[in-house]
Amino acid sequence: MAGPRGAPEPPPRALLPPLLALALALAGGAAAAGSVRLAGGLTLGGLFPVHARGAAGRACGPLKKEQGVHRLEAMLYALDRINADPALLPGVRLGARLLDTCSRDTYALEQALSFLQALIRGRGDGEAAVRCPGGAPPLRAAPPERVVAVVGASASSVSIMVANVLRLFAIPQISYASTAPELSDSTRYDFFSRVVPPDSYQAQAMVDIVRAFGWNYVSTLASEGNYGESGVEAFVQISREAGGVCIAQSIKIPREPKPGEFNKVIRRLMETPNARGIIIFANEDDIRRVLEAARQANLTGHFLWVGSDSWGAKISPVLNLEDVAVGAITILPKRASIDGFDQYFMTRSLENNRRNIWFAEFWEENFNCKLTSPGTQSDKAARKCTGEERIGRDSTYEQEGKVQFVIDAVYAIAHALHSMHQALCPGHIGLCPAMEPTDGRTLLQYIRAVRFNGSAGTPVMFNENGDAPGRYDIFQYQASNGSAGSGGYQTVGQWAETLRLDVGALQWSGDPWEVPASQCSLPCQPGERKKMVKGVPCCWHCEACDGYRFQADEFTCEVCPGHLRPLRNRTGCRPTPVVRLSWASPWAAAPLLLAVLGITATTAVVATFVRHNDTPIVRASGRELSYVLLSGIFLVYAITFLMVAEPGAAVCAARRLFLGLGTTLSYSALFTKTNRIYRIFERGKRSVTPPPFISPTSQLVITFGLTSVQVVGVIAWLGAQPPHSVIDYEEQRTVDPEQARGVLKCDMSDLSLIGCLGYSLLLMVTCTVYAIKARGVPETFNEAKPIGFTMYTTCIIWLAFVPIFFGTAQSAEKIYIQTTTLTVSLSLSASVSLGMLYVPKTYVILFHPEQNVQKRKRSLKATSTVTAPPKGEDTEAPK
């Protein structure tokens, strides 16, 4: 039958003599080391780590009771059951050649070459070239067994080494424990299969566990070799593809660690103390020494171990180190304890198990006794074995975790041979010529096609790469009754394509129910953004969204729109409160009080003047201009109420119109008065003819003409830019957003407001200039000096107003300070005009009427330099 696609060609004939010589040379070493042999029509090879790796140049070290002897006996048990089953391979007995790998890949390769002796000798080219001295033919030894398939090995590094040779001779291989992802490469390891899932599944399960715990920052620890390095590589690759998990450190434990190497490993792990989760793909010896180093560094409880199937549910890695291992999560291919094997193994004794050449060594190790008479001093302390000891009665016994998979591997080969026998030898009892010898390529096809329920009742099958489906149990090492020493492994979940974790069954040191953190950076608080650390996607710094910024997403802070301010936790924006100068505000109290008093006083003066309209004092003060001036003063007081009122279109229009109208009326009237007085006395110095435009009508025309400039300007402004109210969110945009306010106000900037008063200020300055020029007027014209004092004081008030008004432009209280300053300044300037020009007159009119009489006029000679006032304007004669 043709071999499968991609199967290797047989070795070239030129290579056979060297290979034969190598195999024959190594056969002696294998025989010297010993092997378990079972006779049969078809022979299966077996590779088991009966002994640990030797130290100081020795190939083999101490016996491995569970991983070695249990697994080897599991194969013997499976062969016994298969040979006793009449329905499976009827008439065909399976034999075996079982070898010890000593947990070392190079030594295992030497042992495995003995499987090739029969195959190489069968090609017939080797022995013909062998001649003894003198030409005598060599003695013929018993022909070696022809191995049709191999069960093993345990360690991935050993399986890889052996698979590279077995594939050259088309010998199928099924491992019961090798899980390195590299072995899934069917182009390189096409004759390799396994009944355990590869580490790529295991790595996926471990990534799912890490993500389920919310860990995003872990370190990896691997034993040097294919198993450890491939497992970590698979974990790193899957975690990178899945995202959300970063590797803090990837540390490799050397194959031959130097003294202090494990303390160095712990120190390196502590360089990233936040990465508490440690992913371990290491052999049990390395795991134990890592735990010891962690205890020596007083880091018990710091690390959160996640162990691969090499840790599994074994006691040996944590023996006497239970306190360091508490909380460790371990993973193991889904398995079951095989009751039939327990009955078989517990009945093994020195008498009924002579086929296992290592069983006597196991017996001594298991029962702590010696089978031979004590020789050395150390042996004298051990008792002599009686042979009556019993496993499980005189020693502790627990079935090793891979026993199920050893049995399944043997049965997979048996089922494949059975199917092959049915196809090639139909109706034939025993082997037929078509299966002598058995073709490895054909057998491989039948192996890949098997599907049966294994020893644990779970299906046994292989995919196109020879891998078994991934099914794992998740364990956690937990303390019992608060004592780590009496603790044990508890099942906390399962993985089969997806993770099913019983969170309630988990226990942790510290808070038993809270999963410890293994994160590079703690989650940011609401209102903080993540500022990522370059090159480490799981590490970040939390940066608060300050000012008017809010947390737009996990990584971004954005500024709230102008009319909004951030929430207190800065996860969004909220409307900014709107304020205005209200009637009840303390800032409005003083302006309103001044305005009310001013209006009252102005009304009283106007009423007094109207009542005494024809008296000398009223007539002498210029009635027409006085009423215009008093109207302006009234408007100046009234503007305070408009400035405090809620802004709206009507209020804003009234502000524009009346803000400058009152002052313009007042200063236009005062300007007309001072100008008239100045012109009269300047003309009087040169002529007795009165100057033009000094009549009451002329003065009113001048006053209203000057005022009309303001009115026309305001009307043009209203037409060009209709008034409306606005909410200014910048005016009170304080450093602290909690203090931010929007200000409801009219659409008048500071400059437009000053522009509105600018014309009035120009009139005020001009009026002041004429007041200065008219300061030398005779006392007969007693209004000149009060007007001068009024203008001087008014200038001082407005000079103080300007810096206060513009100096508070950046203040958070701007709306209050500027409005109060403006209204108080207006009221004070109006009060100065009212108090200096009209309050004395009113006082005389009301309280000294005897002075409100016509005085005699001065003679023309006495006033030769003074032109007589026009009709209707009287002057007081000197006393």
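Since we're looking at a predicted model, the values are computed, not measured. We number each residue from 1, following the sequence as shown.
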[Y] and [X], any side-chain heavy atoms less than 4.5 Å apart:
{"X": "R295", "Y": "D323", "result": "yes"}
{"X": "R471", "Y": "W495", "result": "no"}
{"X": "Q67", "Y": "E284", "result": "yes"}
{"X": "R580", "Y": "P647", "result": "yes"}
{"X": "F462", "Y": "V195", "result": "yes"}
{"X": "H541", "Y": "V533", "result": "yes"}

Distance check, rounded to the nearest 0.5 Å: [X] atom [atom1] versus [Y] atom [atom2]?
{"X": "D190", "Y": "E464", "atom1": "CG", "atom2": "CD", "answer": "14.0 Å"}
{"X": "Y217", "Y": "C520", "atom1": "OH", "atom2": "SG", "answer": "4.5 Å"}
{"X": "T187", "Y": "N465", "atom1": "OG1", "atom2": "CG", "answer": "9.0 Å"}
{"X": "E514", "Y": "W508", "atom1": "CD", "atom2": "CH2", "answer": "11.0 Å"}

Are F281 and W311 close enough that their ring centers fall under 6.0 Å?
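No, ring centres 6.0 Å or more apart.
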
Is there a salt bridge (charged side-chain N to carboxylate O under 4.0 Å, His left out) between R288 and E292? Walk through the geometry before answering.
CA-CA 6 Å; R288 180 172 183 83; E292 289 175 344; 3.7 Å; yes

Check: [X] side chain, [Y] main-chain N or O, donor-acceptor pair, under 3.5 Å:
{"X": "E233", "Y": "G231", "result": "no"}
{"X": "T179", "Y": "P198", "result": "no"}
{"X": "S585", "Y": "W587", "result": "yes"}

If you compare all heavy atoms of [X] against all heavy atoms of [Y], which two are closest, and at what distance to 0.1 Å?
{"X": "T820", "Y": "P591", "answer": "CG2-CG, 3.8 Å"}
{"X": "Y472", "Y": "Q202", "answer": "OH-N, 3.1 Å"}
{"X": "V207", "Y": "A242", "answer": "CG1-CB, 4.5 Å"}
{"X": "W215", "Y": "P516", "answer": "NE1-O, 2.7 Å"}

Examine R71 relative to Y176 and say whether NZ or CZ is less than 6.0 Å from the centre of the six-membered ring and inside a 45° cone about the ring axis.
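That pair does not qualify as a cation-pi contact.
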
May I ask you to establish whether K530 and W540 are in a cation-pi arrangement, using a distance under 6.0 Å from NZ or CZ to the six-membered ring centre and at most 45° from the ring axis?
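Here K530 passes the 6.0 Å and 45° test against W540.
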
Would you find more than 12 non-hydrogen atoms of other residues, nucleotides or ligands less than 6.0 Å from [X] atom [atom1]?
{"X": "E261", "atom1": "CD", "value": "yes"}
{"X": "R574", "atom1": "CZ", "value": "yes"}
{"X": "E528", "atom1": "CD", "value": "yes"}

Solution key, residues 324-336 side-chain donor-acceptor pairs under 3.5 Å, sequence neighbours excluded:
from, atom 1, to, atom 2, distance (Å)
T330, OG1, G312, O, 2.7
K334, NZ, D473, OD1, 3.1

Just grab all the salt bridge (Lys or Arg N to Asp or Glu O under 4.0 Å) pairs involving residues 532-553, residues at least two apart or on different chains.
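The answer is R529-E543, D546-R549.
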
C746 vs C652, test: disulfide (SG to SG under 2.5 Å). Steps then yes/no.
CA-CA 6 Å; C746 291; C652 292; 2.0 Å; yes

Compute whether any side-chain donor of one residue and acceptor of the other, for T571 and Q551, lie under 3.5 angstrom apart.
no

Check whether the side chains of R194 and S184 place a donor and an acceptor atom closer than 3.5 Å, and report yes or no.
yes

Distance-only criterion, 3.5 Å: show the donor-acceptor pairs between side-chain atoms of residues 219-229 and protein atoms not counting sequence neighbours.
from, atom 1, to, atom 2, distance (Å)
S219, OG, Q249, N, 3.4
T220, OG1, S250, OG, 2.9
S223, OG, N283, N, 3.1
S223, OG, D286, OD2, 2.6
E224, OE1, R255, N, 2.7
N226, ND2, E182, OE1, 2.7
Y227, OH, S308, OG, 2.6
Y227, OH, D309, OD1, 2.5
Y227, OH, S310, N, 3.3
Y227, OH, S310, OG, 3.4
E229, OE2, G225, N, 2.9

In a single word, yes or no, tell whether C538 and C246 have an SG-SG distance below 2.5 angstrom.
yes

